[in-house]
Chemist: 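Sharing a structure, written as C-alpha cells. Questions coming.
Throughout, protein chains are lettered first and strands after them, A, B, ... in sequence-line order, and every chain is numbered starting at 1. Please read all numbers here as calculations on a predicted model, not as lab measurements.
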Amino acid sequence: MPFTIATWNINSVRLRIDLVTRFLAEHGPDVLCLQETKTMDDAFPRQAFAAAGYGHLAIAGQKGYHGVAIASRRPFDILDRPDWCAMGDARHLAVRFADGLLLDNFYVPAGGDEPDPARNPKFDHKLKFLGEMAAWGAARRATAARAILVGDLNVAPLEHDVWSHKQLRDVVSHTPVETDLLATVQSAQGWVDAMRHFVPATEKLYSWWSYRARDWQAADRGRRLDHVWVTPALTGALRRMTVLRDARGWDKPSDHVPVLVTLDL
DNA sequence: ATGGTGGGTACCCCA
C-alpha cells in the first residue's frame, strides 16, 4: 500500500494555512510534518486540517519561535516530545502508527551566523543538539526496525546540497563540523538518505532558497536543509521522491519547499 | 564586501 510522507518548514502555520491546504489538496500525502509552526497549541489551526481530511494531529508549539506538528489521515500514538539541550524548545515529535512504523519530526537549531561555538552560543547549541541526536540514535536503533525521520535539519551535508561547496564551506549549515556531525547522527542509527536514494550525489538538490535573493529562481542559490531518512528495512519500499520547487514561487511562500517521499508499505 | 527579506512580537528577537 502506498504511503506518502511530506515534510515542510512552513515558517508560520497560521500565516500560511492557505498554502498548507492547497498543498494537501493538490498532493494528498498520508502524513504532513511541519516545522517552524510558530504557534501556541491553543492557536493551531486544527479545523483547517480536519476539513482537509487530516483529523489526526500532534502539535508541539511555543510562542513565537520553532514549533513542530504532524498531521495525518491515519491514526497514530504520540510517543514523545523531548526537550533537547534542556532549552524548553518545541523541536521534535515522535509518533507511532498502528502497524508499528515510527516517525520522528525534527527542527534542528539554525545556529546563527558565526560558525564558532566559542563566540556564538547559537552555533554551540546547534552542535550540542546534533551531538544529543547522535546519542539518541544509537539508543533508538534496537527498538525501531521500521522508522522514518524527517525535518528541517538545518544542515546541507553533501557537496551538491549547496550551490557552491567552495563558497559555503565557512557558512553555517555547510561547515565541516556540522556535516561531519550530521553524518555521525545518520550512521549512529544506520539511517538511509531517502532523497539521495533517488537523486545521485553528483546532482544539485535543494529544498530552501533564501528570501534575501533578488530573484531566487534565476540565482538558484539553494541548499538542501530538509531531509527524509528511513531505516534500512524500508529502503526496498522506496518508490518516489519529489521536491516541490514550485511552492517557492507561490504567493507569500515559505523559504523552504515541501519534500515528499512515497513508500510501498 | 555588504546587506539583502521575511516571520513573530512588542519596540527586537530569530530565520
Chemist: For residues Asn11(A) and Glu36(A), is any side-chain donor paired with an opposing acceptor at under 3.5 Å?
Modeler: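 Not at all, the side chains of Asn11(A) and Glu36(A) share no donor-acceptor pair under 3.5 Å.
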Chemist: Mind checking the P distance from dG6(B) to dT2(B)? Whole angstroms is fine.
Modeler: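 Going atom to atom, P in each nucleotide, I get 23 Å.
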Chemist: If you measure from the C1' atom in dA15(B) to the same atom in dT9(B), how many Å do you get, rounded?
Modeler: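 To the nearest whole Å, 15 Å.
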Chemist: Tell me which residues in residues 83-92 of chain A lie within less than 4.0 Å of DNA chain B, going by non-hydrogen atoms.
Modeler: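 Contacting residues: none.
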Chemist: Toward the 5' end of DNA chain B, which comes first, Glu36(A) or Pro253(A), by nearest nucleotide?
Modeler: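 In this pair, the answer is Pro253(A).
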Chemist: Taking only distance into account, with no hydrogens and no angle test, what donor-acceptor pairs under 3.5 Å do side-chain atoms of residues 257-265 of chain A form with protein atoms, sequence neighbours excluded?
Modeler:
from: Thr262(A); atom 1: OG1; to: Thr4(A); atom 2: OG1; distance (Å): 2.8
from: Asp264(A); atom 1: OD1; to: Met1(A); atom 2: N; distance (Å): 2.9

Chemist: Going 5' to 3' along DNA chain B, which are the first and last nucleotides with any atom under 4.0 Å from a heavy atom of chain A?
Modeler: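 So the contact region on DNA chain B extends dG4(B) to dA15(B).
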Chemist: Other hydrophobic cluster members with Leu158(A), side-chain heavy atoms of Ile/Leu/Val/Met/Phe/Trp/Tyr under 4.5 Å, chained?
Modeler: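 So far as hydrophobic clustering goes, Leu158(A) is joined with none.
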Chemist: Can you name the side-chain contact (heavy atoms from CB on, under 4.5 Å) partners of Asp215(A), sequence neighbours left out?
Modeler: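 Only Gln217(A), Ala218(A) meet the side-chain contact (heavy atoms from CB on, under 4.5 Å) criterion with Asp215(A).
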Chemist: I'd like a table of donor-acceptor pairs (distance under 3.5 Å, sequence neighbours excluded) in which one partner is a side-chain atom from residues 46-57 of chain A, with atom names and distances.
Modeler:
from: Tyr54(A); atom 1: OH; to: Pro29(A); atom 2: O; distance (Å): 2.5
from: Tyr54(A); atom 1: OH; to: Arg73(A); atom 2: NE; distance (Å): 3.4
from: Tyr54(A); atom 1: OH; to: Arg73(A); atom 2: NH2; distance (Å): 3.3

Chemist: Can you list, by chain and residue number, the hydrophobic cluster partners of Trp208(A) when the side-chain cut-off is 4.5 Å?
Modeler: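 So far as hydrophobic clustering goes, Trp208(A) is joined with Leu225(A).
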Chemist: Contact list please: residues 107-123 of chain A against DNA chain B, heavy atoms, distance less than 4.0 Å, in numerical order.
Modeler: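 Contacts with DNA chain B under 4.0 Å: Tyr107(A), Ala110(A), Lys122(A).
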Chemist: Salt bridge check, Asp18(A) against Arg22(A): does any charged N sit closer than 4.0 Å to a carboxylate O?
Modeler: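 Here Arg22(A) does not pair with Asp18(A) in a salt bridge, since their nearest N and O are not under 4.0 Å apart.
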Chemist: With rounding to whole Å, what would you report as the distance between dG3(B) and dG7(B) at their P atoms?
Modeler: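 So the two P atoms sit 22 Å from each other.
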Chemist: Given that Arg212(A) and Arg14(A) both sit by DNA chain B, which one's nearest nucleotide is further toward the 5' end?
Modeler: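 Looking at DNA chain B, the more 5' nearest nucleotide goes with Arg14(A).
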Chemist: Quick one: salt bridge (charged side-chain N to carboxylate O under 4.0 Å, His left out) pairs with a partner in residues 185-199 of chain A, sequence neighbours left out?
Modeler: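 Residue pairs with at least one partner in residues 185-199 of chain A: Asp161(A)-Arg196(A), Asp193(A)-Arg224(A).
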Chemist: What residues, two or more places apart in sequence or in another chain, satisfy side-chain contact (heavy atoms from CB on, under 4.5 Å) together with Gln167(A)?
Modeler: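 Trp163(A), Ser164(A).
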Chemist: Can you pull out every side-chain hydrogen bond (donor to acceptor under 3.5 Å, both in side chains) where at least one residue sits in residues 240-249 of chain A? Sequence neighbours excluded, please.
Modeler: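 Those involving residues 240-249 of chain A are Asp220(A)-Arg245(A).
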Chemist: Ignoring hydrogens and angles, write down the donor-acceptor pairs under 3.5 Å from the side chains of residues 96-104 of chain A, residues two or more places apart or on other chains.
Modeler:
from: Asp99(A); atom 1: OD1; to: Leu101(A); atom 2: N; distance (Å): 3.0
from: Asp104(A); atom 1: OD1; to: His92(A); atom 2: NE2; distance (Å): 2.9
from: Asp104(A); atom 1: OD1; to: Arg140(A); atom 2: NH2; distance (Å): 3.4
from: Asp104(A); atom 1: OD2; to: Arg140(A); atom 2: NH1; distance (Å): 2.8

